[in-house]
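Remarks on the structure that follows.
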Amino acid sequence: MANKPAFIKELSLPAIAAPMFLISGPQLVIECCKNGIVGTFPALNQRTSEGFEEWLVEIKTELEKFEKETGKKPAPFGVNLIVHATNPRLEADVKLCVKHKVPIIITSLGAVSTVVDAIHSYGGIVFHDIIKKRHAEKAAEAGVDGLILVAAGAGGHAGTINPMTLVAEIKKIFHKNIILSGCISTGRDIASAMQMGADLAYMGTRFINTEESKASPEYRKMIIEAGASDVVYTASISGVHANFLGASLKAAGITEEDLKKDTKIDFGKELDTEAKAWKTIWSAGQGSALIDNNPPVSELVTSLKNEFKKAIQEQIKLLDTYPK
Ligand SMILES: Cc1cc2nc3c(=O)[nH]c(=O)nc-3n(C[C@H](O)[C@H](O)[C@H](O)COP(=O)(O)O)c2cc1C
């Protein structure tokens with residue numbers, strides 16, 4: 001596996017639409033890939049491995065059809081696997097990823113060499129989520145191809161470290177692909193991630209507010225109305241610290257006292273409870289502050305590209321002024 005996979009240079013933007021529980025499905029993934037950015041979804045968004053396989057077949061069939069009809073190569077797609085002892089589906093889902101040669105696997109919680117080896121066996125790529133250096137070291141030992149650095153303010157299970165520090169600190173010890181996650185909502189943000197030294201930008205919350213996401217209109221509206229300080233960081237919903245929209249906590253009757261509780265993580269038999277929690281209490285990152293519309297993915301990618309280009313051009317112009 002080359003350190004920098006060839007697909008990165010073939011994307012229309014250096015971006016991945018991040019996997020989101022209850023939000024990302026085939027429609028979102030297919031539209032992202034058709035528009036030249038990586039589309040992903042969590043395997044657990046389907047309740048069974050059989051359902052997961054149906055989605056894999058649907059995505060592959062649609063993307064093959066797109067390539068045949070247009071002659072354009074779609075971006076590769078990815079699947080998020082929760083690598084934790086309490087995920088009873090892990091083995092079956094890994095087998096399906098191998099069977100269908102899923103191009104990119106995103107592992108969360110655990111980075112284990114058996115999963116990495118299984119994915120490498122057919123030329124697949126493994127990126128792993130981390131929030132701190134210790135996790136990065138463990139994942140590097142397991143042989144992952146890239147690290148997703150989940151910085152402060154991100155949607156879902158976010159970290160607490162500033163992105164500038166996190167990228168610089170991890171780049172000292174890890175020399176493969178660096179993917180930056182957390183509050184990346186605009187093309188300028190993507191350009192900033194590249195400036196910091198990332199190879200790819202990882203965008204979650206921005207894609208909740210797209211026509212193809214599975215989010216309800218009320219959820220999207222709450223994101224549009226939220227500012228950065230309306231996002232609450234708490235471990236009380238899923239046992240791991242995550243960011244949620246304060247207004248959805250309030251609507252669910254969650255009190256300040258409740259927010260101080262730490263519940264225990266269990267993605268297996270507790271899956272239904274976890275799903276129920278995330279269905280009523282909506283996760284989003286601080287990047288909500290910059291989201292004010294619900295475009296189709298094609299339109300969003302076009303504006304991200306324009307903003308990205310403009311930001312880089314402005315940066316280049318700075319060279320006429322600085323350094324002195
Ligand atoms: C509603 C929601 C659900 C998420 N679910 C998952 C998930 O199932 N697996 C995962 O690896 N990350 C999940 N994430 C985290 C995202 O993959 C990504 O790291 C994060 O959204 C990036 O930060 P941003 O939202 O500020 O762009 C979720 C994020 C959100 C907002």
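Indexing begins at 1, ligand by ligand and atom by atom, following the structure's order. The figures that follow rest on heavy atoms only: side chains count, while hydrogens, waters and symmetry mates do not. Residue numbers run from 1 in the order of the sequence given. Computed from a prediction, not measured in an experiment: that's the story for all the values here.
At a 3.5 angstrom cut-off on N or O pairs, S108 counts as close to ligand 1. Among the atoms of C183, some N or O lies under 3.5 angstrom from an N or O of ligand 1. Between A18 and ligand 1, not a single N/O pair is under 3.5 Å apart. Considering backbone and side-chain N/O of R206, none are found under 3.5 Å from N/O of ligand 1. Note: an N/O pair closer than 3.5 Å links F21 and ligand 1 by distance alone. For the pair G155 and ligand 1, the shortest N or O to N or O distance falls below 3.5 Å. Between M20 and ligand 1, a contact under 3.5 Å exists for no N or O pair. For T205, a nitrogen or oxygen atom sits less than 3.5 Å from a nitrogen or oxygen atom of ligand 1, counting backbone and side chain alike.
Under the 4.0 angstrom criterion for non-hydrogen atoms, F41 is not in contact with ligand 1. Contact annotation: D129 has at least one heavy atom less than 4.0 Å from an atom of ligand 1.
Here the heavy atom of the protein found nearest to atom 10 (C) of ligand 1 is N80 OD1, 3.4 Å. Protein heavy atom at the shortest distance from atom 17 (O) of ligand 1 is P19 O, 2.8 Å. Here the protein heavy atom with the shortest distance to atom 27 (O) of ligand 1 is G204 N, 2.8 Å.
Those atoms of ligand 1 with a heavy atom of S181 less than 4.0 angstrom away are 18 (C), 19 (O), 20 (C), 22 (C), 23 (O). Within ligand 1, counting atoms from 1 as listed, the ones closer than 4.0 Å to a heavy atom of Y219 are 1 (C). Near W278, meaning under 4.0 Å from one of its heavy atoms, ligand 1 places the atoms 2 (C), 3 (C). Taking every heavy atom of A154 and a limit of under 4.0 angstrom, the matching atoms of ligand 1 come to 23 (O), 26 (O). Ligand-side atoms of ligand 1 in range of P42: 8 (O), range being under 4.0 angstrom from any heavy atom.
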Determine whether T186 and D189 satisfy the following criterion, side-chain hydrogen bond (donor to acceptor under 3.5 Å, both in side chains), listing intermediate values before the conclusion. CA-CA 5 Å; T186 66; D189 296 341; 3.2 Å; yes

ring-ring contact (aromatic ring centres under 6.0 Å, His included) between W55 and F77: does it pass, once the steps are laid out? CA-CA 12 Å; W55 276 9; F77 73 97; over 10 Å; no

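Within 6.0 Å of atom NZ in K171, more than 12 heavy atoms from other residues, nucleotides or ligands are found, so the atom counts as buried in its surroundings.
Heavy atoms of S283 found under 4.0 angstrom from ligand 1 belong to the backbone as well as the side chain.
A distance of 11.0 Å separates CG of D129 from NE2 of H135, quoted to the nearest 0.5 Å. Atom CD1 of I130 sits about 5.0 Å away from atom CG of L166, to the nearest 0.5 Å.
No salt bridge links E307 with K310; every basic N to acidic carboxylate O contact stays at or beyond 4.0 Å. A salt bridge does not link E64 with K68: none of the charged nitrogens is closer than 4.0 Å to a carboxylate oxygen.
Exactly one of K176, H120, H128 qualifies for a side chain to side chain donor-acceptor pair (under 3.5 Å) with D145. That residue is H120.
Between F41 and Q46 there is no side-chain heavy-atom pair separated by less than 4.5 Å. Residues V301 and I37 form a side-chain contact, since some pair of their non-hydrogen atoms from C-beta on lies under 4.5 Å apart. Residues L63 and I30 have side chains in contact (heavy-atom distance under 4.5 Å, counting atoms from C-beta outward).
The residue among A242, G156, A17 with a heavy atom at the shortest distance from atom 29 (C) of ligand 1 is G156.
Taking the six-membered ring where tryptophan is involved, the planes of Y219 and W282 are essentially parallel, since the angle between them stays under 30° and well short of 60°.
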